[in-house]
Amino acid sequence: MLIVAGTLRVPAEWLDALRPAMAAVIAASRADPGCLAYGFAEDVLDPGLIHVAERWESAEALAAHGRAPHMAPWRAACVAAGVGERNLRVYEAGEGTPL
């Protein structure tokens with residue numbers, strides 16, 4: 001299993017305009033083959049900081065997600081909204097245990 005975790009920096013004044021694109025890419029990505037989880041969370045204390053959390057069955061599933069048709073409009077929306085800082089990392093993980 002792969003975990004993608006990190007942050008995106010959205011200019012705070014663009015958050016409302018970007019929300020429909022965020023909702024669309026989340027819904028489409030959750031339907032991608034091999035997607036186990038996909039979500040964004042807005043930081044409570046830092047306006048414009050979006051935390052990204054994804055889980056994928058395999059590297060192949062993650063790579064296919066990057067090529068999926070719904071990613072192009074998402075990337076274009078990020079450019080239009082001035083998303084600058086993008087800090088995402090991928091980690092290999094096991095199934096984990098409840099905490």
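Because the structure is a prediction, the values reported are computed rather than measured.
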Do Leu8 and Asn87 make a side-chain contact, defined as non-hydrogen atoms from C-beta onward lying under 4.5 Å apart? no
For the atom pair CD (Glu60) and CG (Leu2), what is the distance rounded to the nearest 0.5 Å? 8.5 Å
Minimum heavy-atom separation for Gly66 to Arg75, with atom names? O-NH2, 2.9 Å
So if you build clusters from Ile, Leu, Val, Met, Phe, Trp, Tyr with side-chain heavy-atom gaps below 4.5 Å, do Ile26 and Ile3 land together? no
Please report the interatomic distance CZ(Arg30) to CG(Asp32), rounded to the nearest 0.5 Å. 12.0 Å
Pairwise distance CZ(Arg86) to CD1(Ile50) - rounded to 0.5 angstrom: 14.5 Å
Is the Tyr38 ring parallel, tilted or perpendicular to the His65 ring (thresholds 30°, 60°)? perpendicular
Of all the heavy-atom pairs spanning Ser29 and Met71, show the shortest one and how long it is. OG-SD, 4.4 Å
Are Val4 and Leu36 joined in one hydrophobic group, where the rule is that I, L, V, M, F, W and Y side chains link up if heavy atoms are under 4.5 Å apart? no
Between Gly34 and Ala61, which heavy-atom pair has the shortest distance, and what is it? CA-CB, 3.8 Å
Can you tell whether the side chains of Arg19 and Glu42 come within less than 4.0 Å, N to carboxylate O? yes
Closest heavy-atom contact between Ala12 and Pro47? CB-CB, 4.1 Å
Are Phe40 and Leu49 linked, directly or through other ILVMFWY residues, by side chains that come within less than 4.5 angstrom of each other? no
I need the Cys35 SG to Arg55 CZ distance, nearest 0.5 Å. 8.5 Å
How long is the straight-line distance from CE of Met22 back to SG of Cys78, given to the nearest 0.5 Å? 8.5 Å
Do you know which two heavy atoms are closest between Tyr91 and Ala5, and how far apart they sit? CE1-CB, 4.2 Å
Atom CE of Met1 and atom CD of Glu95: how far apart are they, to the nearest 0.5 Å? 4.5 Å
Positive for side-chain hydrogen bond (donor to acceptor under 3.5 Å, both in side chains) with His51, one of Thr7, Asp46, Asp43: Asp43
Do Trp74 and Val79 have side chains that approach each other closer than 4.5 Å (heavy atoms only, starting at C-beta)? no
